[in-house]
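One structure is given here, and the rest of the page talks about it.
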Amino acid sequence: MRPFPKLHDLLVARVVIGTVLLTWAVLTGLDLVLAMVDELRSVGQGSYDFLKAVNYIAHTTPRRAYMMFPTAAVIGSLMGLGQLAASSELTALRAVGVSRRRLSLSVALPLLLLTGLMMVNAETVGPWAQRSADMMKSAARSNDMIVAQYSGLWAREGDTFLNAQSGRERTEGGEHWLELDDVRLFEFDEDGRLASVARARVAEHRADSGWLLRDVQRTWFEERAVSQTDSAEERWESNLDSATLAANASNIWRPRYMTAAELRQGIDYRKRNQLDASEFEEHYWGHWFYPLNVLALCLAAIPFAFGSLRSGGLGRRLFIGVVFALGFWLLQTQVVKLAAVYGFDYRLAYLIPPLAMLSVSWFLFRRRSG
């Protein structure tokens, strides 16, 4: 293979980067508009107003750009090659002996450069901006709640502090309730002295019955003694709003917005405390397989569309790109879910879809070259 880059490599790279950036801007912009429409539902809660909603969406832009890049890469690549095909430049390059493999390399290398920038974004600006946005939003909606990255949700009501490691909203038979896992309640007396610490396996809040703690172990701190009580169930008389808790809890259990280093620390923390670390592991390995996913997706789509780029119009190229991006996303999502259910290594789950796409690429290259 000839040394890289040549003039034709720069031509292809320039066109592809231009169409990828344009597609990327359109997709990210559309995502921001839809997010802003959804965010308007929260305006008016506490001191969270329209300007703060705009500020929140602006801070999430780096994270959204990272999420949109793989789709923009495959659609933009096909659009760029289609532009070259429509102007007969792609035909001229093929006529002077430039192979499909060389053209694919001309597409892949600039995409790898952009992918590298997205990896840096995912480890620096993206998580910082997302965390700042979440903290701003939580503080505006409720003054009695804070978010800790690994120790869960902290909420205050009077002299009682609540800490929950994880949780979810449940719906069954038309009934909706909040369920928190591994809950700790720290109660202080009027003098600021710790009066008791309660640990509950589960805390449930239902609209008709309030808070119910299950499998409770409570430690009492008296002036000269410490005692402990255990109970299967215990009512907790509290006016803590479950709807506000659920809304703010969404800022905690989102490891997909953390850096690889934070995810690694989160995995270690959870394993040390006998907590489930599978979600952290899922997104940790997702970070490392991100470049391979982009490369495999683009290389698999390019040879498939090669024979029809000149004859096909904009709609056809767009359709091919969307089908490949959506198909890859569905395949990877299902394989990762299977890994979570059956407990096999997430590295294998993230490796299978790119290998499948690269196999498609290799087969199509051989068929086109044959």
Side-chain angles (χ1 to χ4, degrees), residues 13 16-17 19-21 23-28 31-32 60-78 104-105 107-131 149 253-267 277-302 321-340 344-361:
V16 167
I17 287 179
T19 53
V20 167
L21 291 178
T23 306
W24 196 7
V26 171
L27 291 178
T28 304
D31 188 39
L32 289 171
T60 65
T61 301
R63 188 262 302 173
R64 296 179 189 279
Y66 172 82
M67 301 295 291
M68 286 293 174
F69 178 70
T71 303
V74 65
I75 295 177
S77 298
L78 293 174
S104 296
L105 184 63
V107 173
L109 288 182
L111 288 180
L112 284 178
L113 176 62
L114 292 176
T115 303
L117 293 176
M118 281 297 95
M119 292 290 290
V120 173
N121 171 43
E123 298 300 314
T124 54
V125 179
W128 170 83
Q130 183 68 48
R131 188 177 302 117
Q149 290 182 40
W253 302 299
R254 295 192 295 181
R256 62 184 176 138
Y257 299 155
M258 295 181 180
T259 67
E262 291 169 341
L263 288 168
R264 183 73 262 174
Q265 294 172 10
I267 292 170
S278 60
E279 189 175 3
F280 281 75
E281 291 177 333
E282 172 188 338
H283 295 287
Y284 175 76
W285 291 113
H287 272 259
W288 293 112
F289 280 91
Y290 183 88
L292 180 61
N293 290 343
V294 175
L295 182 62
L297 186 59
C298 292
L299 289 181
I302 291 170
V322 171
V323 166
F324 266 86
L326 182 60
F328 181 83
W329 179 79
L330 290 174
L331 175 62
Q332 188 171 76
T333 300
Q334 293 306 312
V335 174
V336 170
K337 284 184 177 180
L338 288 175
F344 61 87
D345 199 319
Y346 280 107
R347 286 170 287 189
L348 183 61
Y350 277 108
L351 189 59
I352 290 174
L355 286 180
M357 285 294 181
L358 289 174
S359 298
V360 171
S361 176

Taking all atoms of both residues into account, what is the closest heavy-atom pair of [X] and [Y], and its distance?
X	Y	result
Pro291	Thr115	CA-CG2, 3.6 Å
Thr124	Val120	OG1-O, 2.5 Å
Val107	Ser77	CG1-OG, 3.7 Å
Pro127	Ala122	CG-O, 3.0 Å

Less than 4.5 Å apart, any side-chain heavy atom of [X] and any of [Y]?
X	Y	answer
Pro70	Asn293	no
Thr333	Lys337	yes
Leu32	Thr61	yes
Thr259	Trp128	no

How long is the straight-line distance from [atom2] of [Y] back to [atom1] of [X], given to the nearest 0.5 Å?
X	Y	atom1	atom2	answer
Leu27	Met68	CG	CE	6.0 Å
Tyr284	Glu262	OH	CD	12.5 Å
Asn121	Arg63	CG	CZ	11.0 Å
Met67	Thr60	CE	OG1	11.5 Å
Leu338	Leu348	CG	CG	11.0 Å
Leu295	Leu112	CG	CG	5.5 Å

Examine distances only and state if a side-chain atom of [X] and a backbone atom of [Y] form a donor-acceptor pair shorter than 3.5 Å.
X	Y	result
Tyr290	Tyr66	yes
Thr19	Gly76	yes
His287	Ala261	no
Tyr350	Val335	no
Glu281	Ile267	no

Cation over ring face, Arg347 and Phe289, 6.0 Å, 45°: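 No, Arg347 and Phe289 do not form such a contact.
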Residues in ring pair (Phe, Tyr, Trp, His ring centres under 6.0 Å) contact with Phe69, at least two apart in sequence or another chain: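 Testing Phe69 for ring pair (Phe, Tyr, Trp, His ring centres under 6.0 Å), a comparison that skips the adjacent residues, returns Trp24.
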Sequence-distant partners of Tyr257, ring pair (Phe, Tyr, Trp, His ring centres under 6.0 Å), two or more places apart: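 With neighbours one apart ignored, the set is empty.
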Those residues that, when tested against Leu330, pass side-chain contact (heavy atoms from CB on, under 4.5 Å) (two or more places apart): Leu326
